[in-house]
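Have a look at the structure below, then the notes.
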Amino acid sequence: MKNAKVVMAFFALAAVLAMCSIGIAVAFKSVIGIFGAILLVCAIMGYGFKTKRQFRDKGLL
């Protein structure tokens, strides 16, 4: 497996864990936690897509 695919797998795992944290924040009834988790998901997904574009431009994917 190419190194770039391993990096993308870690981004996918991080995004899934961040999405799970939204559910945990809902269970704890923490409004700040919900918004923080949503921002975390957006940040991870955005950085993951940015990294994927860079890998694709370099021909690593």
Side-chain angles (χ1 to χ4, degrees):
M1 185 184 294
K2 292 183 179 180
N3 191 23
K5 290 189 179 186
V6 173
V7 172
M8 296 311 297
F10 282 125
F11 274 118
L13 181 62
V16 168
L17 292 175
M19 288 178 208
C20 290
S21 69
I22 295 172
I24 293 169
V26 169
F28 285 128
K29 298 178 182 172
S30 171
V31 177
I32 296 172
I34 294 169
F35 287 122
I38 290 171
L39 287 174
L40 184 63
V41 170
C42 291
I44 291 172
M45 295 286 285
Y47 191 66
F49 283 127
K50 177 185 167 191
T51 305
K52 183 177 180 179
R53 183 178 61 224
Q54 290 174 349
F55 284 152
R56 190 176 53 233
D57 290 343
K58 292 179 182 178
L60 296 175
L61 284 180

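Position 1 is the first residue of the sequence; numbering continues from there.
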Which value, rounded to the nearest 0.5 Å, describes the distance between Leu40 atom CG and Met19 atom CE?
10.5 Å

For the atom pair CZ (Phe49) and CE (Met8), what is the distance rounded to the nearest 0.5 Å?
7.5 Å

Value rounded to 0.5 Å, distance of CD1 in Ile38 from CD1 in Ile22
5.0 Å

First locate atom CD1 of Ile44, then atom CG of Leu39, and finally report the distance between them rounded to the nearest 0.5 Å.
11.0 Å

Non-neighbouring partners of Tyr47 that pass ring pair (Phe, Tyr, Trp, His ring centres under 6.0 Å), sequence neighbours left out:
Phe11

How about CE on Met45, more than 12 heavy atoms from neighbouring residues, nucleotides or ligands closer than 6.0 Å, or not?
no

Rounded to the nearest 0.5 Å, what separates atom CG in Leu60 from atom OG1 in Thr51?
12.0 Å

Counterpart residues, ring pair (Phe, Tyr, Trp, His ring centres under 6.0 Å), relative to Phe35 (two or more places apart):
none

Quick one: closest heavy-atom pair of Ser21 and Ala37, and the distance?
OG-CB, 3.4 Å

